[in-house]
Amino acid sequence: MIGLIDCNNFYCSCERVFNPNLRNSPVVVLSNNDGCVIARSNEAKALGIAMGTPFYQIRNLLETNKVAVFSSNYTLYGDMSRRVMMLLSDFSPELTQYSIDEAFIDLNGFGNGEALHTYGKKIVATIGRGTGIPVTMGIAQTKTLAKVASKYGKKYKGYEGVCLIDSEEKRIKALQGFDIADVWGIGRKHAEKLNYHGIRTAWDFTQKNESWVRKMLTVTGVRTWKELQGISCIDIEELPQKKSICTSRSFADQGLSELTQVEEAVANFAASCSRKLKEQKSCCSSMTVFAYTSRFRMDLPSHAINRTVTFPVPTNDQQELAASAVRALRSEWRKGNTYLYKKAGVIVWDICPDSAIQTNLFDTIDREKQARLAAAIDAINRKNGYNTVKVAVQGNGKSWHLKCEHITRQYTTNLKEIIQVK
DNA sequence: TCTGGGGTCCTAGGACCC
DNA sequence: TCTGGGGTCCTAGGACCC
(Lines give C-alpha, C1' and ligand atoms only; values in the text may rest on other atoms or scores of the structure.)
Protein backbone atom coordinates (compact mmCIF):
# COMPACT_ATOMS: atom_id res chain seq x y z
CA MET A 1 0.00 0.00 0.00
CA ILE A 2 1.01 3.57 -0.70
CA GLY A 3 0.23 6.63 1.36
CA LEU A 4 0.00 10.16 0.02
CA ILE A 5 0.43 12.93 2.55
CA ASP A 6 -0.78 16.26 1.28
CA CYS A 7 -0.70 19.50 3.27
CA ASN A 8 -4.02 21.31 3.23
CA ASN A 9 -3.88 24.69 1.45
CA PHE A 10 -0.19 24.67 2.28
CA TYR A 11 0.87 28.30 1.83
CA CYS A 12 -2.23 29.57 3.63
CA SER A 13 -1.65 27.10 6.43
CA CYS A 14 1.96 28.30 6.81
CA GLU A 15 0.78 31.87 7.25
CA ARG A 16 -1.86 30.76 9.75
CA VAL A 17 0.70 29.04 11.95
CA PHE A 18 2.10 32.49 12.73
CA ASN A 19 -1.26 34.29 12.63
CA PRO A 20 -3.46 31.87 14.53
CA ASN A 21 -6.30 34.40 14.76
CA LEU A 22 -6.86 33.70 11.06
CA ARG A 23 -7.54 30.03 11.67
CA ASN A 24 -11.22 30.23 10.80
CA SER A 25 -11.28 33.17 8.43
CA PRO A 26 -10.55 33.40 4.70
CA VAL A 27 -6.90 33.65 3.63
CA VAL A 28 -5.25 33.90 0.19
CA VAL A 29 -1.61 33.91 -0.85
CA LEU A 30 -0.50 35.75 -3.99
CA SER A 31 2.09 34.81 -6.58
CA ASN A 32 5.30 36.75 -7.10
CA ASN A 33 4.65 40.40 -7.86
CA ASP A 34 1.31 40.07 -6.05
CA GLY A 35 -0.04 38.99 -9.42
CA CYS A 36 -2.44 36.08 -8.98
CA VAL A 37 -4.04 34.08 -6.21
CA ILE A 38 -2.06 30.84 -5.86
CA ALA A 39 -3.35 29.50 -2.54
CA ARG A 40 -6.72 29.74 -0.85
CA SER A 41 -8.04 28.61 2.50
CA ASN A 42 -11.31 26.65 2.48
CA GLU A 43 -13.19 29.82 3.48
CA ALA A 44 -11.65 31.67 0.51
CA LYS A 45 -12.57 28.80 -1.84
CA ALA A 46 -16.13 29.00 -0.53
CA LEU A 47 -16.23 32.65 -1.59
CA GLY A 48 -15.75 31.46 -5.14
CA ILE A 49 -12.17 32.69 -5.54
CA ALA A 50 -10.61 30.58 -8.28
CA MET A 51 -6.99 29.46 -8.45
CA GLY A 52 -4.94 31.84 -10.58
CA THR A 53 -7.34 34.79 -10.42
CA PRO A 54 -5.53 38.09 -10.97
CA PHE A 55 -5.39 40.00 -7.69
CA TYR A 56 -6.56 43.32 -9.15
CA GLN A 57 -9.77 41.72 -10.43
CA ILE A 58 -10.94 40.67 -6.99
CA ARG A 59 -9.46 43.35 -4.80
CA ASN A 60 -12.94 44.60 -3.83
CA LEU A 61 -14.30 41.14 -3.17
CA LEU A 62 -11.36 40.44 -0.86
CA GLU A 63 -11.86 43.69 1.03
CA THR A 64 -15.60 43.25 1.41
CA ASN A 65 -15.18 39.76 2.81
CA LYS A 66 -12.22 40.69 5.02
CA VAL A 67 -9.97 38.15 3.35
CA ALA A 68 -6.42 38.16 4.71
CA VAL A 69 -4.02 38.66 1.79
CA PHE A 70 -0.36 37.60 1.81
CA SER A 71 2.46 37.99 -0.69
CA SER A 72 4.26 34.69 -1.13
CA ASN A 73 7.04 34.02 1.36
CA TYR A 74 8.93 31.11 -0.15
CA THR A 75 11.64 31.16 2.49
CA LEU A 76 9.01 30.45 5.11
CA TYR A 77 7.15 27.81 3.06
CA GLY A 78 10.37 26.02 2.16
CA ASP A 79 11.38 25.78 5.80
CA MET A 80 7.92 24.61 6.94
CA SER A 81 7.99 21.99 4.21
CA ARG A 82 11.35 20.73 5.45
CA ARG A 83 9.86 20.34 8.95
CA VAL A 84 6.84 18.40 7.68
CA MET A 85 9.03 16.06 5.63
CA MET A 86 11.40 15.50 8.53
CA LEU A 87 8.59 14.39 10.85
CA LEU A 88 7.10 12.25 8.12
CA SER A 89 10.34 10.42 7.44
CA ASP A 90 10.08 8.78 10.88
CA PHE A 91 7.01 6.86 9.76
CA SER A 92 8.36 4.92 6.80
CA PRO A 93 11.75 3.88 5.46
CA GLU A 94 10.62 4.89 1.97
CA LEU A 95 9.59 8.47 1.47
CA THR A 96 9.43 10.26 -1.87
CA GLN A 97 8.85 13.97 -1.73
CA TYR A 98 6.76 14.88 -4.73
CA SER A 99 6.36 18.62 -4.28
CA ILE A 100 6.77 21.27 -1.62
CA ASP A 101 3.63 20.05 0.16
CA GLU A 102 3.24 16.41 -0.83
CA ALA A 103 5.00 13.12 -0.31
CA PHE A 104 4.37 9.45 -0.98
CA ILE A 105 5.35 6.83 1.57
CA ASP A 106 5.56 3.09 1.30
CA LEU A 107 3.21 1.49 3.82
CA ASN A 108 3.97 -2.15 3.14
CA GLY A 109 4.55 -3.93 6.40
CA PHE A 110 2.45 -1.51 8.43
CA GLY A 111 -0.59 -3.75 8.57
CA ASN A 112 -3.88 -3.32 6.80
CA GLY A 113 -7.46 -2.29 7.41
CA GLU A 114 -8.01 -0.78 10.80
CA ALA A 115 -4.34 -0.94 11.79
CA LEU A 116 -3.30 1.00 8.70
CA HIS A 117 -6.05 3.51 9.30
CA THR A 118 -4.86 4.04 12.88
CA TYR A 119 -1.30 4.45 11.67
CA GLY A 120 -2.45 7.11 9.19
CA LYS A 121 -4.25 9.01 11.92
CA LYS A 122 -1.12 8.95 14.03
CA ILE A 123 0.88 10.47 11.16
CA VAL A 124 -1.67 13.22 10.57
CA ALA A 125 -1.80 14.03 14.28
CA THR A 126 1.97 14.07 14.68
CA ILE A 127 2.52 16.47 11.82
CA GLY A 128 -0.33 18.68 12.98
CA ARG A 129 1.05 18.87 16.48
CA GLY A 130 4.68 19.22 15.41
CA THR A 131 4.30 21.91 12.76
CA GLY A 132 0.81 23.39 13.02
CA ILE A 133 0.17 22.37 9.42
CA PRO A 134 -3.03 20.35 8.80
CA VAL A 135 -2.47 17.42 6.45
CA THR A 136 -4.61 14.81 4.74
CA MET A 137 -3.59 11.29 3.97
CA GLY A 138 -4.84 9.05 1.20
CA ILE A 139 -3.99 5.35 1.31
CA ALA A 140 -4.45 2.93 -1.58
CA GLN A 141 -2.76 0.40 -3.80
CA THR A 142 -1.33 2.86 -6.31
CA LYS A 143 -0.24 6.49 -6.31
CA THR A 144 -3.12 7.60 -8.50
CA LEU A 145 -5.65 5.86 -6.23
CA ALA A 146 -3.95 7.35 -3.17
CA LYS A 147 -4.50 10.76 -4.79
CA VAL A 148 -8.17 9.92 -5.24
CA ALA A 149 -8.37 8.87 -1.60
CA SER A 150 -6.73 12.06 -0.38
CA LYS A 151 -9.25 14.16 -2.33
CA TYR A 152 -12.07 12.33 -0.58
CA GLY A 153 -10.24 12.83 2.69
CA LYS A 154 -10.21 16.58 2.13
CA LYS A 155 -13.77 16.79 0.91
CA TYR A 156 -15.47 14.98 3.78
CA LYS A 157 -14.73 15.91 7.37
CA GLY A 158 -15.93 12.50 8.54
CA TYR A 159 -12.69 10.90 7.41
CA GLU A 160 -10.77 12.95 10.00
CA GLY A 161 -7.91 13.41 7.57
CA VAL A 162 -7.34 9.79 6.55
CA CYS A 163 -9.10 8.03 3.69
CA LEU A 164 -8.34 4.42 2.91
CA ILE A 165 -9.23 2.61 -0.33
CA ASP A 166 -8.39 -0.97 0.50
CA SER A 167 -11.01 -3.13 -1.14
CA GLU A 168 -12.43 -3.66 -4.61
CA GLU A 169 -15.85 -2.41 -3.45
CA LYS A 170 -14.37 0.82 -2.09
CA ARG A 171 -12.30 1.33 -5.25
CA ILE A 172 -15.30 1.00 -7.53
CA LYS A 173 -17.45 3.23 -5.38
CA ALA A 174 -14.72 5.85 -5.14
CA LEU A 175 -14.12 5.91 -8.90
CA GLN A 176 -17.81 6.05 -9.72
CA GLY A 177 -18.17 9.24 -7.74
CA PHE A 178 -14.97 10.84 -9.02
CA ASP A 179 -14.92 13.43 -11.81
CA ILE A 180 -12.48 12.40 -14.55
CA ALA A 181 -11.14 15.97 -14.64
CA ASP A 182 -9.91 15.58 -11.04
CA VAL A 183 -7.83 12.50 -11.75
CA TRP A 184 -4.08 12.97 -11.33
CA GLY A 185 -2.59 13.07 -14.83
CA ILE A 186 -5.78 14.19 -16.57
CA GLY A 187 -5.54 17.89 -17.30
CA ARG A 188 -7.97 20.31 -18.86
CA LYS A 189 -7.39 19.28 -22.47
CA HIS A 190 -7.61 15.57 -21.82
CA ALA A 191 -10.73 16.02 -19.70
CA GLU A 192 -12.43 17.91 -22.53
CA LYS A 193 -11.51 15.18 -24.97
CA LEU A 194 -12.78 12.44 -22.66
CA ASN A 195 -16.00 14.34 -21.88
CA TYR A 196 -16.59 14.60 -25.61
CA HIS A 197 -16.51 10.82 -25.77
CA GLY A 198 -19.00 10.53 -22.94
CA ILE A 199 -16.54 9.85 -20.13
CA ARG A 200 -17.54 11.72 -16.98
CA THR A 201 -16.10 9.75 -14.09
CA ALA A 202 -12.87 7.93 -13.35
CA TRP A 203 -14.91 4.73 -13.46
CA ASP A 204 -16.12 5.42 -17.04
CA PHE A 205 -12.50 5.85 -18.03
CA THR A 206 -11.43 2.49 -16.59
CA GLN A 207 -14.12 0.79 -18.67
CA LYS A 208 -12.42 1.72 -21.96
CA ASN A 209 -9.87 -0.62 -23.48
CA GLU A 210 -6.13 -0.05 -23.51
CA SER A 211 -5.67 0.65 -27.22
CA TRP A 212 -8.43 3.25 -27.17
CA VAL A 213 -6.80 4.99 -24.22
CA ARG A 214 -3.39 4.86 -25.90
CA LYS A 215 -4.79 6.40 -29.06
CA MET A 216 -6.50 9.19 -27.13
CA LEU A 217 -3.94 10.02 -24.46
CA THR A 218 -0.70 8.25 -25.46
CA VAL A 219 1.32 6.09 -23.11
CA THR A 220 1.05 8.41 -20.13
CA GLY A 221 -2.74 8.07 -20.28
CA VAL A 222 -2.39 4.29 -20.28
CA ARG A 223 -0.37 4.50 -17.08
CA THR A 224 -3.09 6.52 -15.37
CA TRP A 225 -5.69 4.04 -16.68
CA LYS A 226 -3.78 1.11 -15.20
CA GLU A 227 -3.15 2.85 -11.90
CA LEU A 228 -6.87 3.48 -11.48
CA GLN A 229 -7.37 -0.26 -11.78
CA GLY A 230 -4.92 -0.92 -9.00
CA ILE A 231 -1.92 -1.77 -11.18
CA SER A 232 1.01 0.27 -9.97
CA CYS A 233 3.10 1.72 -12.82
CA ILE A 234 4.01 5.30 -12.03
CA ASP A 235 7.49 5.54 -10.58
CA ILE A 236 8.53 8.74 -8.96
CA GLU A 237 12.19 8.62 -8.27
CA GLU A 238 13.90 11.20 -6.21
CA LEU A 239 15.36 13.04 -9.19
CA PRO A 240 19.12 12.95 -8.63
CA GLN A 241 19.70 15.94 -10.90
CA LYS A 242 17.47 18.39 -12.62
CA LYS A 243 17.70 18.36 -16.40
CA SER A 244 17.03 22.05 -16.69
CA ILE A 245 17.04 24.92 -14.25
CA CYS A 246 15.14 28.12 -14.81
CA THR A 247 15.06 31.46 -13.02
CA SER A 248 12.53 33.94 -14.33
CA ARG A 249 10.42 36.81 -13.09
CA SER A 250 7.72 39.14 -14.25
CA PHE A 251 8.44 42.81 -13.77
CA ALA A 252 6.21 45.10 -11.77
CA ASP A 253 3.70 47.47 -13.39
CA GLN A 254 4.12 47.85 -17.14
CA GLY A 255 7.54 46.26 -17.44
CA LEU A 256 11.05 47.40 -18.41
CA SER A 257 12.13 49.18 -21.56
CA GLU A 258 15.80 50.04 -20.95
CA LEU A 259 18.50 47.62 -21.97
CA THR A 260 20.47 48.29 -18.78
CA GLN A 261 17.45 47.36 -16.65
CA VAL A 262 16.85 44.08 -18.41
CA GLU A 263 20.58 43.36 -18.38
CA GLU A 264 20.66 43.76 -14.64
CA ALA A 265 17.69 41.44 -14.23
CA VAL A 266 19.10 38.80 -16.56
CA ALA A 267 22.51 38.91 -14.84
CA ASN A 268 20.78 38.23 -11.52
CA PHE A 269 18.78 35.35 -13.00
CA ALA A 270 22.01 33.86 -14.33
CA ALA A 271 23.63 34.23 -10.90
CA SER A 272 20.64 32.44 -9.38
CA CYS A 273 21.01 29.61 -11.90
CA SER A 274 24.68 29.39 -10.94
CA ARG A 275 23.70 29.00 -7.29
CA LYS A 276 21.09 26.34 -8.08
CA LEU A 277 23.59 24.43 -10.22
CA LYS A 278 26.12 24.47 -7.41
CA GLU A 279 23.50 23.27 -4.93
CA GLN A 280 23.03 20.10 -6.93
CA LYS A 281 26.76 19.88 -7.73
CA SER A 282 26.41 20.22 -11.44
CA CYS A 283 27.38 22.29 -14.46
CA CYS A 284 25.56 23.24 -17.63
CA SER A 285 26.61 23.30 -21.27
CA SER A 286 24.02 25.66 -22.65
CA MET A 287 21.88 28.56 -21.61
CA THR A 288 18.80 30.29 -22.96
CA VAL A 289 18.01 33.92 -22.24
CA PHE A 290 14.51 35.15 -22.91
CA ALA A 291 12.49 38.33 -22.48
CA TYR A 292 9.03 39.13 -23.70
CA THR A 293 6.35 41.76 -23.65
CA SER A 294 3.00 41.31 -21.89
CA ARG A 295 0.81 38.73 -23.56
CA PHE A 296 -2.26 40.55 -22.25
CA ARG A 297 -1.53 43.96 -23.69
CA MET A 298 -2.90 43.70 -27.21
CA ASP A 299 -2.69 47.48 -27.51
CA LEU A 300 1.11 47.53 -27.20
CA PRO A 301 3.63 46.23 -29.73
CA SER A 302 4.76 42.76 -28.77
CA HIS A 303 8.20 41.23 -29.03
CA ALA A 304 10.07 38.20 -27.79
CA ILE A 305 13.77 37.72 -27.32
CA ASN A 306 15.01 34.16 -27.12
CA ARG A 307 18.64 33.25 -27.53
CA THR A 308 20.50 30.08 -26.69
CA VAL A 309 24.26 29.94 -26.26
CA THR A 310 26.54 26.97 -25.64
CA PHE A 311 29.64 26.80 -23.48
CA PRO A 312 32.94 25.30 -24.64
CA VAL A 313 33.33 23.63 -21.24
CA PRO A 314 30.42 22.84 -18.86
CA THR A 315 30.24 25.53 -16.20
CA ASN A 316 28.42 26.77 -13.12
CA ASP A 317 30.56 29.87 -12.69
CA GLN A 318 28.57 32.90 -11.68
CA GLN A 319 30.69 35.35 -13.65
CA GLU A 320 30.75 33.27 -16.79
CA LEU A 321 26.99 32.68 -16.68
CA ALA A 322 26.16 36.31 -15.92
CA ALA A 323 28.47 37.61 -18.64
CA SER A 324 27.11 35.17 -21.21
CA ALA A 325 23.52 36.02 -20.33
CA VAL A 326 24.14 39.72 -20.77
CA ARG A 327 26.01 39.14 -24.06
CA ALA A 328 23.17 36.98 -25.35
CA LEU A 329 20.60 39.62 -24.45
CA ARG A 330 22.60 42.43 -26.08
CA SER A 331 23.04 40.47 -29.27
CA GLU A 332 19.26 40.27 -29.66
CA TRP A 333 18.46 43.78 -28.55
CA ARG A 334 17.25 45.96 -31.39
CA LYS A 335 18.61 49.43 -31.66
CA GLY A 336 16.06 52.04 -30.62
CA ASN A 337 14.07 49.33 -28.93
CA THR A 338 11.07 50.75 -27.08
CA TYR A 339 9.21 47.57 -26.17
CA LEU A 340 8.02 47.13 -22.62
CA TYR A 341 9.36 43.77 -21.48
CA LYS A 342 7.12 42.27 -18.84
CA LYS A 343 9.00 39.09 -18.14
CA ALA A 344 12.50 37.72 -18.56
CA GLY A 345 14.44 34.68 -17.53
CA VAL A 346 17.44 32.41 -17.86
CA ILE A 347 17.32 28.65 -18.39
CA VAL A 348 20.34 26.39 -18.21
CA TRP A 349 20.37 23.03 -20.01
CA ASP A 350 22.58 20.07 -20.77
CA ILE A 351 23.38 19.54 -17.14
CA CYS A 352 26.15 17.18 -16.01
CA PRO A 353 27.78 16.42 -12.66
CA ASP A 354 30.55 18.89 -11.78
CA SER A 355 32.85 15.94 -11.21
CA ALA A 356 32.64 14.68 -14.80
CA ILE A 357 33.61 17.62 -16.92
CA GLN A 358 35.02 17.19 -20.39
CA THR A 359 37.64 19.88 -20.89
CA ASN A 360 38.24 21.62 -24.18
CA LEU A 361 41.56 21.78 -25.98
CA PHE A 362 40.87 25.29 -27.22
CA ASP A 363 39.60 26.71 -23.94
CA THR A 364 40.75 30.27 -23.34
CA ILE A 365 39.80 30.60 -19.67
CA ASP A 366 42.15 29.79 -16.79
CA ARG A 367 39.61 27.56 -15.07
CA GLU A 368 41.68 26.75 -12.02
CA LYS A 369 42.18 30.37 -11.19
CA GLN A 370 38.51 31.11 -11.86
CA ALA A 371 37.46 28.23 -9.61
CA ARG A 372 39.59 29.58 -6.75
CA LEU A 373 37.98 32.99 -7.13
CA ALA A 374 34.48 31.48 -7.23
CA ALA A 375 35.21 29.41 -4.12
CA ALA A 376 36.34 32.53 -2.27
CA ILE A 377 33.22 34.44 -3.32
CA ASP A 378 30.95 31.54 -2.35
CA ALA A 379 32.59 31.30 1.06
CA ILE A 380 31.99 34.99 1.72
CA ASN A 381 28.39 34.72 0.60
CA ARG A 382 27.75 31.64 2.69
CA LYS A 383 28.97 33.48 5.75
CA ASN A 384 27.46 36.89 5.11
CA GLY A 385 24.43 36.19 3.00
CA TYR A 386 23.66 35.59 -0.62
CA ASN A 387 24.79 38.42 -2.91
CA THR A 388 27.19 40.03 -0.45
CA VAL A 389 29.71 39.78 -3.28
CA LYS A 390 28.35 39.83 -6.80
CA VAL A 391 29.19 40.76 -10.35
CA ALA A 392 28.90 44.47 -11.11
CA VAL A 393 26.39 43.94 -13.89
CA GLN A 394 23.96 42.49 -11.31
CA GLY A 395 23.58 46.09 -10.18
CA ASN A 396 22.33 47.44 -6.87
CA GLY A 397 18.84 46.04 -7.13
CA LYS A 398 17.25 49.37 -7.90
CA SER A 399 16.78 48.98 -11.59
CA TRP A 400 13.90 46.52 -11.22
CA HIS A 401 11.94 45.13 -8.32
CA LEU A 402 9.22 42.69 -7.36
CA LYS A 403 5.99 43.84 -5.84
CA CYS A 404 5.35 42.15 -2.48
CA GLU A 405 3.28 44.48 -0.37
CA HIS A 406 1.81 41.88 1.96
CA ILE A 407 4.79 39.76 2.87
CA THR A 408 5.23 38.29 6.34
CA ARG A 409 8.51 37.80 8.18
CA GLN A 410 10.93 34.93 7.85
CA TYR A 411 9.83 33.65 11.23
CA THR A 412 11.77 30.41 11.19
CA THR A 413 14.93 31.21 9.22
CA ASN A 414 16.06 34.66 10.30
CA LEU A 415 16.79 35.45 13.94
CA LYS A 416 16.03 39.14 13.39
CA GLU A 417 12.55 38.26 12.20
CA ILE A 418 11.69 35.65 14.77
CA ILE A 419 8.21 35.76 16.23
CA GLN A 420 7.77 37.91 19.32
CA VAL A 421 5.66 37.11 22.34
CA LYS A 422 4.31 40.14 24.10
C1' DT B 1 -2.75 49.97 -14.78
C1' DC B 2 -2.49 45.44 -12.70
C1' DT B 3 -2.46 38.69 -15.14
C1' DG B 4 3.32 33.46 -11.27
C1' DG B 5 7.24 30.24 -11.38
C1' DG B 6 9.48 25.91 -12.08
C1' DG B 7 9.60 21.48 -13.62
C1' DT B 8 8.82 16.59 -16.54
C1' DC B 9 7.49 13.61 -20.33
C1' DC B 10 5.92 12.46 -25.01
C1' DT B 11 5.32 12.98 -30.00
C1' DA B 12 5.70 14.63 -34.62
C1' DG B 13 8.46 16.14 -37.97
C1' DG B 14 12.71 17.62 -39.99
C1' DA B 15 17.62 16.83 -40.83
C1' DC B 16 20.81 13.73 -41.48
C1' DC B 17 23.13 9.07 -42.21
C1' DC B 18 24.16 4.88 -45.31
C1' DT C 1 6.68 11.42 -66.68
C1' DC C 2 8.51 8.21 -63.46
C1' DT C 3 12.80 9.31 -57.87
C1' DG C 4 13.94 3.66 -52.08
C1' DG C 5 14.27 1.94 -47.59
C1' DG C 6 15.55 2.04 -43.05
C1' DG C 7 17.51 4.10 -39.48
C1' DT C 8 19.02 7.90 -35.61
C1' DC C 9 19.10 12.29 -33.49
C1' DC C 10 17.35 16.72 -32.37
C1' DT C 11 13.92 20.22 -31.47
C1' DA C 12 9.60 22.55 -30.87
C1' DG C 13 5.39 22.27 -29.08
C1' DG C 14 1.88 20.41 -26.30
C1' DA C 15 0.35 18.01 -22.49
C1' DC C 16 0.75 17.35 -17.61
C1' DC C 17 2.14 18.35 -12.46
C1' DC C 18 2.49 21.48 -8.09
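The shown structure was predicted, so the numbers you read here are calculated from the model rather than taken from an experiment. Basis for what follows: all heavy atoms, side chains included, without hydrogens, waters or symmetry-related copies. Below, chains carry the letters A, B, ... as their sequence lines are ordered, and counting in each starts from 1.
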(request) Report the distance from atom CG of A:Asp6 to atom NZ of A:Lys151, rounding to the nearest 0.5 Å. (result) 9.0 Å

(request) Looking at every strand, decide which applies to A:Val183 at a 4.0 Å heavy-atom threshold: base, sugar-phosphate, or nothing. (result) sugar-phosphate

(message) Using a 3.5 Å distance criterion without hydrogens, assess whether the side chain of A:Asn209 forms a donor-acceptor pair with backbone atoms of A:Trp212.
(response) yes

(message) Could you check whether A:Arg223 pairs with A:Glu227 (Lys NZ or Arg NE/NH1/NH2 to Asp/Glu carboxylate O, under 4.0 Å)?
(response) no

(request) Verify the ring-centre separation between A:Tyr339 and A:Tyr292: is it less than 6.0 angstrom? (result) no

(message) Distance check needed: B:dG7 P versus A:Trp349 CH2, whole Å only.
(response) 10 Å

(request) Go through the structure and list residues passing salt bridge (Lys or Arg N to Asp or Glu O under 4.0 Å) with A:Asp378, not counting sequence neighbours. (result) A:Lys278

(request) Using atom CD of A:Glu102 as one end and atom C1' of C:dC17 as the other, report the distance to the nearest whole Å. (result) 9 Å

Is there any protein nitrogen or oxygen under 3.5 Å from a nitrogen or oxygen in nucleotides 13-16 of chain B, and what are the pairs?
none

Below 3.5 Å between N/O atoms, which protein atoms pair up with nucleotides 10-12 of chain B? Just atom names and distances, please.
| residue | atom | partner | partner atom | Å |
| --- | --- | --- | --- | --- |
| B:dC10 | OP1 | A:Arg223 | NH1 | 3.2 |
| B:dC10 | OP1 | A:Arg223 | NH2 | 2.8 |

(message) Evaluate A:Tyr152 against A:Phe178 for ring pair (Phe, Tyr, Trp, His ring centres under 6.0 Å), listing each step before the verdict.
(response) CA-CA 9 Å; A:Tyr152 275 105; A:Phe178 205 81; 5.8 Å; yes

(request) Check the surroundings of atom CD in A:Gln261: do more than 12 heavy atoms from other residues, nucleotides or ligands lie under 6.0 Å from it? (result) yes

N/O-N/O pairs, protein side and nucleotides 3-6 of chain B side, under 3.5 Å:
| residue | atom | partner | partner atom | Å |
| --- | --- | --- | --- | --- |
| B:dT3 | OP1 | A:Lys342 | NZ | 2.6 |
| B:dT3 | OP2 | A:Lys342 | NZ | 3.1 |
| B:dT3 | O4 | A:Tyr56 | OH | 3.4 |
| B:dG4 | O4' | A:Ser31 | OG | 2.8 |
| B:dG5 | OP1 | A:Ser250 | N | 2.6 |
| B:dG5 | OP2 | A:Ser250 | N | 3.4 |
| B:dG5 | OP2 | A:Ser250 | OG | 2.9 |
| B:dG5 | OP2 | A:Lys343 | NZ | 3.2 |
| B:dG5 | O3' | A:Arg249 | NH1 | 3.3 |
| B:dG6 | OP1 | A:Arg249 | NH1 | 3.0 |
| B:dG6 | OP2 | A:Ser248 | N | 2.6 |
| B:dG6 | OP2 | A:Ser248 | O | 3.1 |
| B:dG6 | OP2 | A:Ser248 | OG | 2.7 |

Donor-acceptor list for residues 79-92 of chain A side chains, cut-off 3.5 Å, not counting sequence neighbours:
| residue | atom | partner | partner atom | Å |
| --- | --- | --- | --- | --- |
| A:Asp79 | OD1 | A:Arg82 | NE | 3.2 |
| A:Asp79 | OD1 | A:Arg82 | NH2 | 2.9 |
| A:Asp79 | OD2 | A:Arg83 | NE | 2.9 |
| A:Asp79 | OD2 | A:Arg83 | NH2 | 3.2 |
| A:Asp79 | OD2 | A:Thr412 | OG1 | 2.5 |
| A:Ser81 | OG | A:Ile100 | O | 2.7 |
| A:Ser89 | OG | A:Met86 | O | 2.7 |
| A:Ser92 | OG | A:Glu94 | N | 3.1 |
| A:Ser92 | OG | A:Glu94 | O | 3.2 |
| A:Ser92 | OG | A:Asp106 | O | 2.8 |

Identify all side-chain donor-acceptor contacts of residues 245-258 of chain A below 3.5 Å with residues at least two apart in sequence or on another chain.
| residue | atom | partner | partner atom | Å |
| --- | --- | --- | --- | --- |
| A:Thr247 | OG1 | A:Ser272 | OG | 2.9 |
| A:Thr247 | OG1 | A:Lys276 | NZ | 3.0 |

(request) Quick one: list whatever passes side-chain hydrogen bond (donor to acceptor under 3.5 Å, both in side chains) with A:Asn19, sequence neighbours left out. (result) none

(request) Evaluate the salt bridge (charged side-chain N to carboxylate O under 4.0 Å, His left out) criterion for residues A:Arg16 and A:Glu43: first the C-alpha distance (whole Å), next the side-chain angles of each, then the deciding distance (0.1 Å), finally the verdict. (result) CA-CA 13 Å; A:Arg16 274 179 171 167; A:Glu43 300 78 8; 2.8 Å; yes

Donor-acceptor pairs under 3.5 angstrom involving side-chain atoms of residues 213-222 of chain A: please list them, not counting sequence neighbours.
| residue | atom | partner | partner atom | Å |
| --- | --- | --- | --- | --- |
| A:Arg214 | NH2 | A:Glu210 | OE2 | 3.4 |
| A:Thr218 | OG1 | A:Thr220 | OG1 | 3.4 |

(request) Assign the ring pair A:Trp184 / A:Tyr98 to parallel, tilted or perpendicular, where the plane angle (0 to 90°) is split at 30° and 60°. (result) perpendicular

(request) Round to a whole Å and report the spacing from CG of A:Asn60 to P of B:dT1. (result) 16 Å

(message) Output the rounded distance in Å from CD1 (A:Ile58) to P (B:dT1).
(response) 19 Å

(message) From CD1 of A:Ile234 over to P of B:dC9, roughly how many Å is that when rounded to an integer?
(response) 12 Å

(request) Send over the distance from A:Ile100 CD1 to C:dC17 C1', rounded to a whole Å. (result) 14 Å

(request) Kindly state which residues belonging to residues 132-157 of chain A come within less than 4.0 angstrom of DNA chain B, counting heavy atoms of the residue only, listed by number. (result) none

(request) To the nearest Å, give me how far apart CD1 (A:Ile5) and P (C:dC18) are. (result) 15 Å

(message) Heavy atoms only, 4.0 Å cut-off, all strands: where does A:Ile186 land among base, sugar-phosphate and nothing?
(response) sugar-phosphate

(request) Pull out every stem in DNA chain B, meaning runs of 3 or more consecutive Watson-Crick or G-U wobble pairs with both distances under 3.5 Å. (result) B:5-18 with C:5-18

(message) Strictly by side-chain hydrogen bond (donor to acceptor under 3.5 Å, both in side chains), give each pair with a member in residues 125-138 of chain A just once, sequence neighbours left out.
(response) A:Asn8-A:Thr136

N/O donor to acceptor pairs below 3.5 angstrom from side-chain atoms of residues 316-323 of chain A, sequence neighbours left out:
| residue | atom | partner | partner atom | Å |
| --- | --- | --- | --- | --- |
| A:Asn316 | ND2 | A:Ser282 | O | 3.2 |
| A:Asp317 | OD1 | A:Gln370 | NE2 | 3.4 |
| A:Asp317 | OD2 | A:Gln319 | N | 3.0 |
| A:Asp317 | OD2 | A:Glu320 | N | 2.9 |
| A:Asp317 | OD2 | A:Gln370 | NE2 | 3.4 |
| A:Gln318 | NE2 | A:Gln394 | OE1 | 2.8 |
| A:Glu320 | OE1 | A:Thr315 | OG1 | 2.8 |
| A:Glu320 | OE1 | A:Arg367 | NH1 | 3.2 |

(message) When you measure from the side chain of A:Asn73 to the backbone of A:Ile407, do you find a donor-acceptor pair of N or O atoms at a distance under 3.5 Å?
(response) no

